[in-house]
Each structure stands twice: as C-alpha cells, then as structure tokens.
Number of protein chains: 2
Amino acid sequence: LVLFGAGLVTLAPAALPAQFLEGPAVDADRRVTFRIKAPEAQRILVDPLGGALAPEKGPFPLTRGEDGVWTATIGPARPGFHYYAFVIDGVKVNDPSSEVFFGWGRWTSGLEVPDPAFELRSPADLPRGVVSERRYRSRLTGRERRTMIYAPPGYDSGGERYPVLYLQHGAGESELAWSQQGKLGLILDLLLAAKKVVPCLVVMENDYASAEGSKERSPWAEDPQNVFERVLLEEVVPAIDREYRTVAGREHRALAGLSMGGYQALTIGLRHPEVFAAVAAMSCGARKSPETLLQPLLADPASSRGRFRLLWIGCGRQDGLFEKSEALHGALEKAGIPHVWHPGEGTHEWGTWREHLRDLAPRLFR
Amino acid sequence: LVLFGAGLVTLAPAALPAQFLEGPAVDADRRVTFRIKAPEAQRILVDPLGGALAPEKGPFPLTRGEDGVWTATIGPARPGFHYYAFVIDGVKVNDPSSEVFFGWGRWTSGLEVPDPAFELRSPADLPRGVVSERRYRSRLTGRERRTMIYAPPGYDSGGERYPVLYLQHGAGESELAWSQQGKLGLILDLLLAAKKVVPCLVVMENDYASAEGSKERSPWAEDPQNVFERVLLEEVVPAIDREYRTVAGREHRALAGLSMGGYQALTIGLRHPEVFAAVAAMSCGARKSPETLLQPLLADPASSRGRFRLLWIGCGRQDGLFEKSEALHGALEKAGIPHVWHPGEGTHEWGTWREHLRDLAPRLFR
C-alpha cells in the first residue's frame, strides 16, 4: 500500500503504478516484446512454458540495454492466451508488469495475443452474467474449498430454474481457470445474446481433493487418497441443487473438463449416468488407455448407445495429446457409440479450449 | 499447464507442485522464514514493503546455503496480513511459492501471521455469504470495469431487500482487496452469525477511474481527468439498486474506505448526503488538510449535526497517518459534530482494517 505524506513511504502521485497492468507489447504481426528493468542481473530468459509464443521452443534470451532494461521480441505467437515466466539469474519468476493466473501449480504470468476468431472486448450493451465464489468447509477433505459459479444474465432477477454444466480445469490450475484464463463468462454471454445456447449455470470446482490427513494432492481417481469424485458427487452437486435454482436430475447436468479435467469427466461421468447425461473431454490428458477410460461404455456397447444424450471428444491438431483424443474417438466409432468428434486447430492452450467451449456449449441441454 | 505423456512436457505426478501454495513458514513466536532456490543468483533480499514483518525496517538479506537455497528468518512480525517482495539481483519479484494479492499497483506476494484476535479458519457450520464479480462497460471511462459484491447468507434463496455498504480500497490496490486481503466475507459472516450486524450487501468498486481517452489514472477527485465520483454515483449506485435487492435511499447506504479510499469516502460522502447517510474513513490518506476534507460539515456546523446517521473515523496508533486521523477527529469535536472516533492499535496494514471493519459494521444501518 502506498502512503501519501505518511512518513513511512512517500510517493508522488505521478509515480503511482498504473492500476491496469501493461504487460508485454504485442504487434500487428503477433510478435511479442518482453521488457524488464534489471541493471544488476546477469542473465534473463523468457520461458514460454510449453506454449505457442513463437515457432521455436525457447526459452529465449533477453538482451540488456544501456539503461539496464532487458528486452526480447519473439514470435509470431499463436493467437490466444499464453502463460510465460522470466528466468532471472536462474530463478523462474513472474513478469512484475503482467497479469497473473493460477497455472503450473503457482501464480504465473500470462498474456493475450489477439485472436481474430474471438474478440475479448465485450460489446457495450451485452447483458453480462455473474461469476460468484462460494466457500465451504469440505467434510471429506477437512479443508476450506471454493466453488466458482457462473450464472447467466437474469438469474438474480428471475425465478427460473437452470441446468448445470460442471466444468473442470487442467493439471496445475484451479477453480479460477475457466473464468479467468478461459473467459467463460464472456463466451457464454455472447452465445446467449446470439440465442445459441440453453441458459445454464456453470459450476467450476477445484480438481484436487485429497482425503483429510493425507499429504499428497493427487488428482488421479485411482490413487487411494483421492476423493475428488466423492467431493463432486456427495458435496458439490447436492449443495448446488440445494443453494441454487437448478433443475435437478441427470438430463439437466453435464460434466466436462480439459486435459486432466477431461480425464476426470470421462472417469467420473461415464461411471455415473444416473448423475450426468452429458460428458465432454477436451484435449483429454490421462495415464490410462482409451479402452480403459471408455470401459463403462465399451463393456456392453449395445446397452451403452442410448445412455448419454451427448458424448463430446475434442482436441486441437497441434496438441501433443491429439492422437490420444483421436484414439478415444476411434474406439467409440468402432463400438458404434454415437458421439461428437471435434478435431479443431490448436495447441494444448486456452485459445483451443475457448473454441472447444464455443462448440460444446450450444450442444448442451437439448 | 502440465501434460502427462504428451511429448511436450513430461512430469511425474509426484513432481506436481502442491495445489495449495506453501509460502513462508511462520513459527509460534511469529518469526517468518523465507526460502527460495536460486543457485545462480548473486544477492537476494526480502523487502517488507513498509509492512510490520519485523521490528526493523528492512530490506533483509537472505543467506545462500550449500544447496543453492537461500533463506532468512526475520521477526517477530505483527499479527495479520503483510505484503512482501523478493529482490533478486536488484529486481523486485514475487516469491514463487506465495499467494499473491493486488497491491502496490501489481500482483504482490502476501502472507498471514496468525492473529489471536481473528481466526482465519472458519467454523465448519458457519453460514457463508457469497462474493460475486459483476463486469460492466463504463460509459464514463470507456473501459470494462468490475464490481465485487458481497451478499450475505440467504440472499440467493430469500426475497428480502438489503441496505448497501460501498467500501473502497487503498492506493495501488483494487476492487479485490477487501474480499481477498481483507477477508471481508469471513468477517461479516462471523458477525452475522453472532447477530452483531444488520445483514447488508457490500459493493467493492475500483477507486481508479479516468475519463475516456485520458491516460493518467489518478484517484484524486480534484484532478480533472478523475471521474470516480461520477462512476460511483451515476453508474454503480443506480446499477446496484436496479440489479440487486437493495433498499434504495440514503438511510440504507453507507460509504467507507481505507487510506486513499478513506479520502474518497470523505470527499464524496460528505458532499452527497442525499445518497449516503453514513460515512467512514479508515486510516485516511489524503493530500488535503482536515479542514478542507471536512469543509462540507464545518462550513455550517449547526446544520451539519443531524445530517449523517454515522460519521466514523479510525486509525491505528502505529500508523504513520495516525495524526491526520486524530486531526479529523479533533476538528469534528471542536465543531460539536457527533461522530465515532476509533483509535485502535495497528499499522497501515490489513490487520488494522480487518479490525476497523469489525468495529464499523455493527454500527451501520441502525
């Protein structure tokens, strides 16, 4: 906190940092210029953390200027959202001038490269939904947890009941990821204004849940300390049906997720058709084979055919996991189980999952 | 995002960073141990950013261990919330292992030192309110803005109407500060459960608002490009009364703020008794004299006496701004204008403002 004339810290108002962070500059050719003042540092790199900030893999060195300001211009970057980190004398840290997002298991710098297919600036008169945070003490984990809930425009003023999409994030991320990195609110508000989706609530819960007393925070359902499935089915779903104006019942619930969250959607959703009638996996990241993941369906394909109203599998072609998703699609096709296969363009990044949401959401609750 | 077996990045699940950040260790004597791995760095300091992390002012050097891990133990720290930064070879950065908070005009590391007067862990059965984010396009600033809104337990399921506290943050912070650094939700939920407060909505709007096209983001009402007062009165208050179940009207509205936000509360609130019947300034940070700030009241003390249902001035005695708040109190007392003067213990930090909220909230809307 900056004090004025307080004796502790005195800072002229003109020196006040901008309230809205500047971050790296992105030019019309999608080249990105990073910049940091560090007169005493020996070596600074920018690490794209596996993202598509440039055709090359990186990390990329910054060059020290006479004024102690280090810069690097890289690219062209793929449109969309990218995490990145500075590595200052060997220490991986945030860009102090950037917005931060919970990814990679910690708060991490991120930037937007304008995407011609998705305008981040909302039209002035767009009716906006609201994202709220619901805190609760989980009996199963013994910890305070937080659920983020998107409610469409009109939820607060009306008396209508809504179906619910349960939507999971990826490894190292959190319950904030879909609303922050994913721009879920804006995407759904735009689809709603265009009358392309059935209005619904979206419940975003943290993927990580370990039994009380256990130290490891594994997200994998087969690990004994993992209680995410129970947290979701015994704590979250009943609480949402109790506290929000939902239409309870499987026909009005969908479970979806990206990467590790896609694994969770398949693992939990396919085992619980009594809870969810729609299941979607985006860029599914799993340690199991397609056959194991789809076992609840493949065990008896004939009886599986009508079980779900929607099965959705999608992945970007530039994603290292593309073949795994394609194999899920192939196994379903071979078994004659109806599903949507959405092989889009994109890497294992948020630009792709925003597009996945724009494809998936209009298909839900029909 | 961490991929498993994706070819891009392979990371064993055991190496997954903890989803819940560890941050510095705090011992029973309130001594804080900082730790960062940086084998190649030349010099690392921890900067308490003016906060009370130790009796000395700092910054404090970390010492390099054989393993390339740097550590420092400082303290005893004052109970409550403290911002801090690492300075690695001259660059001020976040502690990668910390939770971050928007303060000092950027995302900044912060830590909690247990406070015997305020337990951060909520009782298991405490009914919890909900904090939501409302995004809107401001006509006055031409930018997308965000309002954070606390609604008490029961708001969503009931039909009752509520009074509204408009509550401002300090310089360099944002609309997130009261709910994140300030733990406003937990404080009000606890006061509500103890039946000590009138249930109310709390609206937290960003202090910074400049006219469309202007570059500077000054928070000071006297600057020509500043439009915060107009944003609050013309955009925020009417929208809240339209979109939420409020009791409209001055008797059911209060305006409060801390530091720079206290300046704004006095400047805007005292000029607009038709909008707010209660005004509170915590650790007021202003470039103006007490007489200038209080001019709307002091111009004609006799007629001012009944104008507000509550005037509240508070400051911690260890705050560098204490004398300024004491002078506000003195000027009101001299003019015979009834008010609450709350000189508590505390520095210019969130531990103090949490205590201020616990004193102020029970007095509102009576």
Side-chain angles (χ1 to χ4, degrees), chain A residues 1-9 13 16-19 21 36 38-42 50 88-94 96-97 100 103-107 122 124 128 130-137 144 156-157 170-174 185 206 208 217-218 220 243-244 259 285 287 320-321 348, chain B residues 1-9 13 16-19 21 36 38-42 50 88-94 96-97 100 103-107 122 124 128 130-137 144 156-157 170-174 185 206 208 217-218 220 243-244 259 285 287 320-321 348:
Chain A
L1 195 86
V2 182
L3 302 185
F4 293 85
L8 297 180
V9 181
L16 248 191
Q19 183 71 349
L21 298 157
I36 182 169
E40 297 169 45
Q42 303 299 305
I88 301 179
D89 292 350
V91 193
K92 198 176 279 187
V93 294
N94 292 336
S97 81
V100 296
W104 294 92
R106 63 197 215 183
W107 291 98
S122 76
R128 300 303 306 265
V130 164
V131 175
S132 358
E133 64 175 30
R134 171 186 171 269
R135 291 182 184 272
Y136 68 105
R137 274 283 290 282
E144 178 163 309
D156 271 336
S157 48
E173 298 179 332
S174 80
N206 197 296
Y208 293 83
R217 297 194 181 94
S218 159
W220 306 106
E243 296 169 20
Y244 290 79
S259 194
R287 297 186 296 187
L321 292 174
H348 203 77
Chain B
L1 194 84
V2 182
L3 302 185
F4 294 86
L8 297 180
V9 181
L16 249 191
Q19 183 70 351
L21 299 158
I36 183 169
E40 298 169 42
Q42 303 299 305
I88 301 179
D89 292 349
V91 193
K92 196 176 280 186
V93 294
N94 292 336
S97 81
V100 296
W104 295 91
R106 65 197 213 181
W107 291 98
S122 75
R128 300 301 307 266
V130 163
V131 175
S132 359
E133 64 175 33
R134 170 186 172 268
R135 291 182 182 273
Y136 68 104
R137 275 285 291 282
E144 179 164 307
D156 270 336
S157 48
E173 297 179 333
S174 80
N206 197 296
Y208 293 83
R217 297 192 180 94
S218 158
W220 306 105
E243 296 170 20
Y244 289 79
S259 194
R287 297 187 296 188
L321 292 173
H348 203 77

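Bear in mind the structure is a predicted one, so any value in this text is a computation, not a measurement. Labels below follow one simple rule: chain letters A, B, ... track the order of the sequence lines, proteins then strands, and each chain is numbered from 1.
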For [X] against [Y], the heavy-atom pair lying closest together:
X	Y	answer
A:Gly105	B:Leu21	O-CD2, 3.4 Å
B:Glu144	A:Ser122	OE1-OG, 3.5 Å
B:Val100	A:Val100	CG2-CG2, 3.9 Å
B:Asn94	A:Asn94	ND2-ND2, 3.3 Å

Q: Applying side-chain hydrogen bond (donor to acceptor under 3.5 Å, both in side chains), name anything that partners A:Tyr136, two or more places apart in sequence or on another chain.
A: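 With sequence neighbours excluded, A:Tyr136 shows a side-chain hydrogen bond (donor to acceptor under 3.5 Å, both in side chains) to A:Arg145, A:Glu205, given in chain and number order.
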
Q: Name the region of B:Pro39, side chain, backbone, both or neither, that has any atom closer than 4.5 Å to a heavy atom of chain A.
A: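 Nothing of B:Pro39, per the 4.5 Å heavy-atom cut-off to chain A.
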
Q: Below 4.5 Å from any heavy atom of chain B, which atoms of A:Arg135 appear? Answer side chain, backbone, both or neither.
A: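 Contact with chain B involves both backbone and side-chain atoms of A:Arg135.
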
(Q) So which residue, A:Asp156, A:Val131, A:Val91, ends up with the most heavy-atom pairs under 4.5 Å with chain B? (A)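 Looking at each of A:Asp156, A:Val131, A:Val91 in turn, A:Val131 comes out on top.
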
Q. Does some side-chain heavy atom of A:Lys92 sit less than 4.5 Å from a side-chain heavy atom of B:Pro96?
A.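 Side chain of B:Pro96 against side chain of A:Lys92, heavy atoms only: no contact under 4.5 Å found.
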
Q.
Using the salt bridge (Lys or Arg N to Asp or Glu O under 4.0 Å) criterion, which residues pair with A:Glu40? Sequence neighbours excluded.
A.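 So A:Glu40 forms no salt bridge (Lys or Arg N to Asp or Glu O under 4.0 Å) with any residue.
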
Q) Rounded to the nearest 0.5 Å, what separation is found between the CD atom of A:Gln42 and the CG atom of B:Asp89? A)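 Rounded to the nearest 0.5 Å, the CD-CG separation comes to 6.5 Å.
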
